[in-house]
Q: 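Below is a structure I'd like to ask you about.
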Amino acid sequence: MKAHTKPRSGNSWLVVGTMSGTSLDGLDLTAVEFRRSENRWNFSIEAAETVKYSNDWEEKLRTAPELSGEKLMELHNAYGQFTGQQINRFIKTRQLLPDLIASHGHTVFHQPEKGFTFQAGNGDCIAAETRITTVADFRTGDVALGGQGAPLVPVGDKFLFSEYESCLNLGGFANISFEQNGKRIAFDICPVNFILNDLARKLGKPFDENGELGRQGATENQLLEKLNKLKFYSQSPPKSLGKEWMDSHFFPVIEASNLSVQDKLRTTYEHIAIQIAKAAPGTGKMLVTGGGTFNSFLMERFRQHVKNEMVIPTPEIINYKEALVFAFLGLLRYLGEVNCYASVTGAKRDSSAGVIFPGGVD
């Protein structure tokens, strides 16, 4: 990876993208150079790292939905300052001079059916800390247009990973995108690390490394059938998932079962594999990314159910694809170009999503 010591111009931009997922693994930071030639985009990751959350930050973000309005605004600003400080350290140690920052923030609420979504991490605070123009708040505009505000990654899939027929991401939730009848289609499929990590914590582990805990259990058909019959799975896209759906629909089914945690885990693995196989297009190469890719047992179950040719990219792409894509979405917003498809979210129209927060001037 090379350091950039001067700003680019013309058709090349260096953008820092950040992402904090529902699985609370940490804050992903990536510096990406984007180049455009004859309306084709290319990219190279110049630097990337994950800032693991302290116990304090993990707890603050996990419990954020329970805060009062006043305390939530405090968190919104404090997390923006934290993000800006981490970006400053990231670019200083690597001698980077980015043109732009694109920050997803950390999702606290996502209830598009009620007309709102909220990601902590005030873009004004990030811009104030870094003195670099920042794009944030990517989802609110689409929700205001009647959309789901998710998934947003498909625009990146279309322009940056067009050699694959479909793109599957295995994060807190699984989501997939692919072309259908000339339009990009994408949707959330089911929980992955969100539920696997939760069950692993009940056994004293932060996550189920390589699926070893789940491997010890047995699939129980009654629980599997109840999970597979959840109404969300029979709904047509556009559709998206969030913590609220987990609390009201998924967790009650898991908690009503008297099975051992290992058996619940094993059954959940089977459920995940079945739902992804149902959602995947029948043919073509599938790019698989996200933290779940490193779970060898999860991948074994996929291969039993999913018929597509699965392509596992470099660890850098696996770990940082979402941060990379949000860097790209931020750049498109900065350029005033479409970065959110109505065919994906169900909004009234395509849009250029995100709010631009100007950086400081010397």
Side-chain angles (χ1 to χ4, degrees), residues 1-5 7-8 13-34 43-62 78-107 119-123 125-127 129-136 138 152-153 156 160-161 169-172 193 197 206-207 209 287-295 312-331 359:
M1 295 179 180
K2 63 181 185 292
H4 278 293
T5 55
R8 277 108 341 262
W13 300 265
L14 182 69
V15 185
V16 172
T18 84
M19 179 69 196
S20 176
T22 50
S23 49
L24 284 168
D25 298 328
L27 176 64
D28 292 338
L29 300 170
T30 183
V32 190
E33 183 176 10
F34 295 102
F43 71 90
S44 57
I45 296 178
E46 305 297 322
E49 73 169 79
T50 298
V51 180
K52 184 173 171 53
Y53 289 130
S54 65
N55 291 338
D56 183 49
W57 266 116
E58 184 176 344
E59 183 65 16
K60 283 179 179 177
L61 295 172
R62 191 186 309 282
Y79 186 64
Q81 290 164 354
F82 168 79
T83 301
Q85 290 160 4
Q86 294 304 318
I87 292 170
N88 279 340
R89 178 194 53 77
F90 176 70
I91 62 179
K92 183 178 180 181
T93 57
R94 292 164 176 81
Q95 297 181 301
L96 300 170
L97 289 174
D99 301 300
L100 189 70
I101 292 167
S103 179
H104 171 269
H106 185 85
T107 297
Q119 286 69 44
N122 190 336
C125 295
I126 298 171
E129 287 284 341
T130 61
R131 303 177 68 85
I132 299 168
T133 296
T134 298
V135 183
F138 283 93
L152 298 185
V153 169
L160 305 179
F161 299 98
N169 184 69
L170 303 172
N193 292 333
N197 291 358
F207 62 97
E209 187 169 4
L287 179 70
V288 186
T289 58
T293 311
F294 296 113
N295 186 322
I312 311 297
T314 63
E316 201 170 53
I317 297 294
I318 291 172
N319 285 323
Y320 297 105
K321 177 171 175 270
E322 286 195 295
L324 150 69
V325 170
F326 272 96
F328 183 60
L329 299 183
L331 176 57

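As the structure is a computational prediction, the values presented were derived from the model and not from experiment.
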Q: If I take atom CD1 from residue Ile101 and atom OG1 from residue Thr18, how far apart are they, to the nearest 0.5 angstrom?
A: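 The OG1 atom of Thr18 is 8.5 Å from CD1 of Ile101, to the nearest 0.5 Å.
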
Q: Dump the intermediate steps for side chain to side chain contact (heavy atoms under 4.5 Å, CB included) on Val51 and Phe90, then the final yes or no.
A: CA-CA 10 Å; Val51 180; Phe90 176 70; over 6 Å; no

Q: Could you please spell out the steps behind the side chain to side chain contact (heavy atoms under 4.5 Å, CB included) verdict for Asn193 and Leu170?
A: CA-CA 8 Å; Asn193 292 333; Leu170 303 172; 5.7 Å; no

Q: Verify whether one side chain among Asn88 and Thr130 offers a donor that lies under 3.5 Å from an acceptor in the other.
A: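 There is no such pair (donor and acceptor under 3.5 Å, judged by atom type) between the side chains of Asn88 and Thr130.
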
Q: Is the side chain of Thr134 donor-acceptor paired with the backbone N or O of Ile132 at a distance under 3.5 Å, no angle test?
A: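 Yes; judged by distance alone, with no hydrogens or angles, the pair exists.
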
Q: Are the aromatic ring centres of Phe326 and Phe138 under 6.0 angstrom apart?
A: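 Yes, they do, as the ring centres are separated by less than 6.0 Å.
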
Q: Heavy atoms, side chains only, cut-off 4.5 Å: are Lys321 and Leu287 in contact?
A: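 In short, these two side chains touch, coming nearer than 4.5 Å.
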
Q: Can you list the steps and then say if Phe82 with Trp57 is a side chain to side chain contact (heavy atoms under 4.5 Å, CB included)?
A: CA-CA 10 Å; Phe82 168 79; Trp57 266 116; 3.5 Å; yes

Q: What is the ring orientation for Tyr53 with His106, classed by angle as parallel under 30°, tilted 30 to 60°, or perpendicular over 60°?
A: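 Rings of Tyr53 and His106: perpendicular, as their planes differ by over 60°.
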
Q: Would you check if the side chain of Asp99 reaches a backbone N or O of Val15 as a donor-acceptor pair within less than 3.5 Å?
A: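 The answer is no, because no donor-acceptor pair under 3.5 Å joins these two groups.
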
Q: Below 4.5 Å, heavy atoms only, C-beta onward: do Asn197 and Pro206 meet side chain to side chain?
A: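 Contact flag for Asn197/Pro206 side chains = no.
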
Q: Any donor and acceptor pair, going by atom type alone, linking the side chain of Thr289 with main-chain N or O of Asn169 inside 3.5 Å?
A: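 No: the side chain of Thr289 does not pair with the backbone of Asn169.
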
Q: Walk me through it: do Thr314 and Tyr320 pass the test side chain to side chain contact (heavy atoms under 4.5 Å, CB included)?
A: CA-CA 10 Å; Thr314 63; Tyr320 297 105; over 6 Å; no

Q: Rounded to the nearest 0.5 Å, how far apart are CD1 of Ile126 and CD of Gln86?
A: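 So the CD1 of Ile126 and the CD of Gln86 are separated by 11.5 Å.
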
Q: Rounded to the nearest 0.5 Å, what's the gap from CG on Leu29 to CE on Met19? Could you check?
A: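 Here the rounded value is 12.5 Å.
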
